[in-house]
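The next block holds one structure in the form of structure tokens; read it before the comments.
Computed from heavy atoms alone, side chains included, the values below leave out hydrogens, waters and symmetry copies. Starting from 1, each residue takes its place in the sequence as its number.
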Amino acid sequence: MKNCDLAVIGAGSAGYAAARTASKLGAKVVLIDGAKQLGGLCILRGCMPSKALLESSHRLHEIQRAPEFGLQVQSAKPNLTQILKRKKKLIQEFANYRAQEITHNTFTFIPGHASFLDSQHLRIQNEKKTQTLKFKKALIATGSVINTTSFSGLQKTGYFTSDEALEMTRYPKTLAVLGGGAIALELAQHFARLGTQVIIIQRSKQLLSDTDDDLAQVLENVLLRENITIFTNTQLLRFEKIKNKKQITFRHHNQLRKVQVDDIFYALGRRPNLDTLNLEKIGIHLNHGKIKVNLQMQTKLPHIYAAGDATGIHEIVHIAIEQGEIAANNALTKNKRSWNPNLKIFGLFTEPQLATVGHSEKELQQKKINYQTARYPFNDHGKALIQGTTDGFVKLMCHAKTGKLLGAAIVGPHATDLIHELAVVLYYHGTVQELATIPHYHPTLAEIITYPAEELVVSIKKTKKKKR
């Protein structure tokens, strides 16, 4: 029977980060993963392959806009075979590198599926053998799987998920996208820009239901302009085949509607991948399908931790990595660290991009925090006008009295890059007063951030004068 200081279940972003961190701390670490191909969701079926596809459709869209910039070009057409070939080559390189890091490291890697025998032992099974591992501490980092839901007739009617979408060699002429989250919107725009007629059916009142509505509205307007049909605030009722079409019946604004399409893209989220761990044997009961952890990433059993998608807190790669590192540190040292949810970053790679950091306005209102906000549009910004990227705005939220930055949002060009300047300000507990004085080169997209900061500085001064 093997034994270790830390057993890490899952070799994705969170698990690999934890194993690497723990190993550097001098611990005896065993990393376990039963996947056929190593690399984790981000590399194999998430961030990297989807962004590779999006890059092709975004560039096609830019070429089609060439006449706006006084350029004459031959008509551009997508070659899906070549797009997929490029994507596969990139992903194989990423996956090979990660597999090398996992299998040739200072920690021990065991291929296989792990399940708890009790709170100190794991059973590890693979095609060759079954073995038992005794551990002092353990980390659950098993990622997530597609969250399938049983709608009437959906299984029989047929659909594809993001896993299949990334490998499709032919795109349908008409497509219904079920969902309005990140992967739904990114791929909906991708399909549309490559020639598919797309209909988005979202159950919530707006796209990106957890996002401030003013941000979501900008994106909705752009998608509508690109001839994508959008239904929000819907109730899905049933699915059925009508000849060679797939029919969806749903309720929208108290009216019964039916749409017929060639195919259905099921994009209603993911759930933690925990079904085979035997968590009930160690007394860990799931909360809405998720493992509940504290900010030190501990479960109800102090020596067992969880990180990444398995916790269902924020299914984002950089957060999974951070949580994995925190869990490993806390499991092995006395210098405890905590994950800071106030620094969470979200990014969406549609065009325009959308990115947020810290608190949203929705969260500030729910928490009854006294705040002020200001925004500035890209359609009044020199560099954005030059680039022809004028959709969207920058929005800052700060404490109403002190000016301490509480949150920020950008919907517009290069939002996922620009947001990091504001993440740094939040990290160092900076204020809009400080942000307004930081030099910004002209003309750049980044200098737009200073405009709402300056507006907030003036607003705070006026508020203080009124109270005197």
Salt-bridge criterion met for Lys87 and Glu167 (N-O under 4.0 Å): yes
Residue from Gln323, Glu325, Gln296 passing side chain to side chain contact (heavy atoms under 4.5 Å, CB included) with Trp339: Gln323
Tested for side chain to side chain contact (heavy atoms under 4.5 Å, CB included) against Phe378, the lone hit among Val218, Thr389, Asp391, Ile448 is Ile448
Contacts of type side chain to side chain donor-acceptor pair (under 3.5 Å), residue Asp212, not counting sequence neighbours: Lys395
Shortest non-hydrogen separation from Glu186 to Leu54 and the atoms involved: O-CD2, 3.1 Å
His359 side chain to Gln365 main-chain N or O, any donor-acceptor pair under 3.5 Å? no
Between side-chain atoms of residues 195-205 and protein atoms elsewhere (two or more places apart, or another chain), which donor-acceptor pairs fall under 3.5 Å?
unit_1	atom_1	unit_2	atom_2	d
Thr196	OG1	Pro172	O	2.7
Gln202	OE1	Gly180	N	3.0
Gln202	NE2	Gln206	O	3.0

Listed pairs under 3.5 Å, donor-acceptor, residues 31-42 side chains, sequence neighbours left out:
unit_1	atom_1	unit_2	atom_2	d
Asp33	OD1	Ala35	N	2.8
Asp33	OD2	Ala11	N	2.7

Which word best sums up how the rings of Phe191 and Phe265 line up, parallel for under 30°, tilted for 30 to 60°, or perpendicular for over 60°? perpendicular
So, are Lys51 and Glu55 salt-bridged, with charged N and O less than 4.0 Å apart? no
Among residues two or more places apart or on two chains, list those pairs meeting salt bridge (Lys or Arg N to Asp or Glu O under 4.0 Å) that have a residue in residues 370-383. Asp214-Arg375
Distance-only criterion, 3.5 Å: show the donor-acceptor pairs between side-chain atoms of residues 246-256 and protein atoms not counting sequence neighbours.
unit_1	atom_1	unit_2	atom_2	d
Lys246	NZ	Gly158	O	3.4
Lys246	NZ	Asp263	OD1	3.0
Gln247	OE1	Gln260	NE2	2.8
Gln247	NE2	Glu240	OE2	3.2
His252	NE2	Thr232	O	3.2

Below 4.0 angstrom, N of the basic side chain to O of the carboxylate: do Glu101 and Arg98 qualify? yes
Would you be so kind as to tabulate the donor-acceptor pairs closer than 3.5 Å made by side chains of residues 346-356, with sequence neighbours excluded?
unit_1	atom_1	unit_2	atom_2	d
Thr350	OG1	Pro352	O	2.8
Glu351	OE1	Arg193	NH1	2.6
Glu351	OE1	Arg193	NH2	3.3
Gln353	OE1	Ala415	N	3.2
Gln353	OE1	Thr416	N	3.0
Gln353	OE1	Thr416	OG1	2.6

